[in-house]
Amino acid sequence: MPRDPDPPPAKRFKPGSPFSRLDKKKPGMLLPRAGHAPVNVDAQRKQLPIYQSRTQLINQIRQLHSAVFIGETGSGKTTQIPQYLYEAGIGRQGIIGITQPRRVAAISLAARVAEEKKVQLGKLVGYTVRFEDVTSSETKLKFMTDGMLLREAIGDPLLLRYTVVILDEAHERTVHTDVLFGVVKAAQRKRIEQNKIPLKEAPASHDILVFMTGQEEIEALARTCRDISKHLPESCGPMTVVPLYASLPPAQQLRVFQPAPKGSRKVVLSTNIAETSITISGIKYVIDTGMVKAKRYNPDSGLEVLAVQRVSKAQAWQRSGRAGREDAGSCYRLYTEEEFDNLANMTVPEIQRCNLASVILQLLALGVPDVLNFDFMSKPSPESLRTAVEQLCILGAVDRKDDHVSLTPLGKKMACFPLEPRFSKTLLISPDFSCAEEVLTIISLLSVDSVLYNPPARRDDVLAVRRKFISSEGDHMTLLNIYRAFKKVSGNKDWCRENFVNSRNMGLVLEVRAQLRDICIKMNMKLESSLSDLTNVRRCLAHGLFMNAAELQPDGSYVALDTHQPVAIHPSSVLFQAKPACVVFNELLHTSRCYMRDLCLVDAEWLQEAAPEYFRRKLRATKS
DNA sequence: GAGCACTGC
């Protein structure tokens with residue numbers, strides 16, 4: 001694999017980058033800042049709580065093939081253990097890999113450890129994340145995202161390049177970490193069986209803040225609070241109310257960090273964004289409503305539901321922990337002790353509440369023989385596994401004989417793309433419709449957060465400028481028009497601002513597109529453009545997304561062809577006021593109703609030609 | 001006539 005021996009210095013410690021926040025969150029990770037006097041790194045390392053246990057820790061690890069480390073935040077687990085292992089000569093024959101659920105963490109940790117070891121980043125200490133590989137043949141301590149190691153495992157299921165794998169932040173229970181546990185366990189077992197060097201594995205890990213469920217609720221309470229604050233007795237002092245939720249424009253989000261005017265009390269009304277992502281200093285009291293809006297997954301219908309539900313105990317503790325970070329604080333829970341006792345201990349791991357199609361495809365690609373009985377840390381329900389295999393079967397990615405599931409040649413190719421299976425499939429068949437370039441663009445656009453910026457305050461302006469991009473053929477074609485216009489002005493920032501296009505996300509689209517295009521080229525796919533006639537593009541989408549199709553009923557409502565459940569066009573769609581006879585859609589979201597999001601107009605005939613057998617069965621199911 | 005929050009390949 002080609003490596004860049006001299007990593008670009010960009011992306012390191014940019015002013016205002018997340019790193020300045022990270023060092024507050026993780027006291028164990030002391031990051032260099034420009035303008036500071038040089039600090040004695042060695043002395044700092046020795047002050048970390050973990051230093052006292054160093055010898056004992058190393059001796060124990062020598063005896064063990066697997067170990068679990070538990071330590072306080074800031075104890076130095078993540079930065080020190082890999083160095084201790086290396087310094088003690090454990091795992092020196094190969095690479096010590098340390099996984100992180102997030103890119104920034106992998107990058108900043110590598111930078112910190114390189115600094116502690118006084119080496120240039122990318123030599124002895126490096127990192128690998130999507131779009132960036134700052135490692136070389138010299139790299140022995142490699143920080144990486146867990147998703148990246150999972151990708152590597154497809155080519156190297158026994159992880160033979162590694163002598164030690166450390167799965168950090170394992171308590172977060174992301175799908176990638178959960179799957180990695182199974183993969184690493186299997187690699188460990190096989191390496192012992194084959195007399196290879198066994199892997200060593202080790203998971204580490206006077207203002208008011210009110211937690212509420214959503215934007216609407218927050219804005220309503222903000223109005224009430226502002227009314228109340230006008231009529232407070234004089235002894236009370238004034239109150240500054242600040243709402244906080246993700247879709248709030250960044251400038252308004254920053255208001256939570258501004259101290260309230262002197263003598264005034266700041267009251268922050270927030271969604272769970274303040275639970276983990278944003279830390280506000282000076283919070284003395286937390287008020288926890290005990291509720292959260294979260295996604296749930298119904299394996300029978302394959303449908304995600306966004307619903308208000310009770311928090312888990314772990315979440316309640318996390319919320320209370322947001323008070324008094326500098327000083328003693330208190331948390332008021334708006335529920336009884338009995339209710340608290342009845343809360344689930346932990347939030348259900350993500351792997352038990354998401355669609356598993358891509359996880360199963362990936363496991364098959366890395367050669368796991370019996371995916372249905374894979375050693376998951378927390379087993380997903382059999383229905384959820386069955387639904388995933390069924391979906392892959394319908395897409396032609398797997399064959400199923402009795403209880404044995406195997407990858408088809410198409411499935412093998414699909415696994416090469418970092419995409420949901422239905423998108424990989426759409427991309428792989430696009431050369432048959434001579435429109436691979438357009439499909440690459442559309443899938444890249446769907447792979448990142450929305451490139452459309454919709455500030456509620458400027459709703460009318462947004463509608464007016466967006467009109468020129470709107471396609472009567474649906475949201476995919478509208479997005480394609482926006483992308484083409486963006487390319488025409490070479491991504492001009494002023495153009496983006498005038499047209500309410502999020503230029504950062506558009507930049508990500510370009511990166512994703514380049515990555516996917518590289519994979520297509522390696523597979524010798526014919527990359528053609530369909531230029532002005534987009535019928536082929538829609539036909540290709542119909543062939544790839546036929547499982548997500550819906551049809552207009554005589555009464556003007558819609559029914560999903562897969563489950564026969566009633567669905568509706570989401571008001572954000574350009575087809576909201578149209579009545580297309582037949583559409584494919586990206587996703588279903590159950591809130592007040594069951595909404596289809598991102599729609600594309602298709603011919604019913606295209607769906608039939610895409611999957612005749614599937615629709616014959618669906619038809620029979622309707623009749624019976 | 002509507003948008004919990006993140007993360008990742």
Side-chain angles (χ1 to χ4, degrees), chain A residues 18 99-107 128-133 144-155 169 172-180 211-219 244-248 253 270-278 289 291-296 304-309 311 315 318-319 347 350-351 353-354 358-359 361-362 365-366 414-421 423-424 443-444 447-450 452-456 459 463 508 511-512 515-516 518-519 568-573 575-577 587 589-598:
Chain A
T99 71
Q100 293 292 325
R102 282 168 293 279
R103 291 166 52 96
V104 272
I107 297 170
T128 306
V129 296
R130 190 182 187 182
F131 306 130
E132 254 190 302
D133 182 11
M144 59 209 299
T145 44
D146 44 20
M148 204 68 214
L149 185 60
L150 210 47
R151 279 274 143 196
E152 277 191 19
I154 293 180
E169 308 286 7
E172 289 191 18
R173 305 294 305 269
T174 68
V175 171
H176 283 157
T177 321
D178 267 27
V179 175
L180 262 181
F211 283 103
M212 308 180 66
T213 62
Q215 174 178 347
E216 206 179 302
E217 210 188 12
I218 287 171
E219 291 294 354
L244 176 64
Y245 43 87
S247 60
L248 207 63
Q253 282 188 357
S270 172
T271 61
N272 43 352
I273 189 168
E275 249 172 51
T276 49
S277 311
I278 293 177
T289 56
M291 304 301 278
V292 64
K293 214 184 265 187
K295 258 185 193 163
R296 265 194 302 213
E304 285 180 339
V305 180
L306 191 58
V308 174
Q309 46 197 303
V311 297
Q315 242 175 323
Q318 176 74 20
R319 288 180 171 192
T347 312
E350 194 187 358
I351 202 153
R353 49 184 174 93
C354 74
S358 54
V359 169
L361 186 69
Q362 223 168 347
L366 55 89
M414 283 166 62
C416 295
F417 291 97
L419 291 172
E420 277 180 53
F423 290 142
S424 317
I443 285 173
S444 306
S447 296
V448 304
D449 286 338
S450 179
L452 309 178
Y453 175 53
N454 298 316
R459 208 171 146 264
L463 287 176
L508 285 173
E511 280 194 286
V512 172
Q515 186 192 28
L516 298 178
D518 274 352
I519 300 172
I569 300 178
H570 195 277
S572 66
S573 171
L575 295 180
F576 179 62
Q577 272 151 345
E587 61 174 358
L589 191 65
H590 197 116
T591 48
S592 55
R593 300 172 74 181
C594 192
Y595 286 110
M596 303 180 273
R597 273 209 296 214
D598 292 318

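In what follows, chains are A, B, ... by sequence order, proteins preceding strands, each numbered from 1.
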Counting only side-chain heavy atoms from C-beta out, which of B:dG3, B:dA5, B:dC9 sits nearest to A:T591? B:dG3

By nearest-heavy-atom nucleotide on DNA chain B, the more 5' of A:R353 and A:Q362 is A:R353

Atom pair distance, as rounded to whole Å: CG in A:L180 and P in B:dG8: 15 Å

Kindly point out which of B:dT7, B:dC4, B:dG3 is positioned nearest to the side chain of A:R102? B:dT7

Just how far, in rounded Å, is C1' of B:dA2 from CD of A:Q215? 9 Å

Taking any heavy-atom pair under 4.0 Å as a contact, classify A:T174: base, sugar-phosphate, or nothing. nothing

For A:T145 and B:dT7, is the shortest distance between a side-chain N/O and OP1 or OP2 below 4.0 Å? no

For the side chain of A:H176, starting at C-beta, report the closest nucleotide among B:dG3, B:dG8, B:dC6. B:dG8

What is the nucleic acid contact for A:V175, judged by heavy atoms within less than 4.0 Å: base, sugar-phosphate only, or nothing? nothing

Consider the side chain of A:I273, meaning its heavy atoms from C-beta on, and name the nucleotide among B:dA5, B:dA2, B:dG8 that approaches it most closely. B:dA5

Whole angstrom value for the distance that separates P of B:dC4 from CG of A:L589: 9 Å

Quick one: A:H590 NE2 to B:dA2 C1', roughly how many Å, whole number? 14 Å

Value in whole Å for how far the P atom of B:dA2 lies from CZ of A:F576: 7 Å

Taking side chain as C-beta onward, heavy atoms only, is A:V292 less than 4.5 Å from A:R319? yes

Once you apply a heavy-atom cut-off of 4.0 Å, does A:R173 come out as touching a base, just sugar-phosphate, or nothing? nothing

Here's a test of your reading of the structure: between A:M148 and A:S592, which maps to the more 5' nucleotide of DNA chain B? A:S592

What contact category does A:S358 fall into here, base, sugar-phosphate, or nothing, at under 4.0 angstrom with non-hydrogen atoms? nothing

Nearest-Å distance, CE (A:M144) to C1' (B:dT7)? 16 Å

A:M144 pairs by side-chain contact (heavy atoms from CB on, under 4.5 Å) with which of A:I107, A:L150, A:V129, A:L149? A:L149

Hey, are A:H176 and A:T174 close enough side-chain-wise for a donor-acceptor pair under 3.5 Å? no

Could you work out, with side-chain contact (heavy atoms from CB on, under 4.5 Å) as the rule, every residue matching A:S444, not counting sequence neighbours? A:V509, A:V512, A:R513, A:L516

Of all the nucleotides listed (B:dG1, B:dC9, B:dC4), which has the minimum atom distance to the side chain of A:Y595? B:dG1

Tell me, do A:R353 and A:T347 make a side-chain contact under 4.5 Å, heavy atoms counted? yes

Rounded to the nearest angstrom, tell me the gap between atom OH in A:Y245 and atom C1' in B:dC6. 18 Å

Check this for me: A:E219, atom CD, are more than 12 non-hydrogen atoms of other residues, nucleotides or ligands nearer than 6.0 Å? yes

Out of B:dC4, B:dC9, B:dA2, which nucleotide sits closest to the side chain of A:H570? B:dA2

Options B:dA2, B:dA5, B:dC9, nucleotide nearest the side-chain atoms of A:R459: B:dA2

Atom-pair distance (NZ on A:K293; C1' on B:dC6), nearest Å: 16 Å

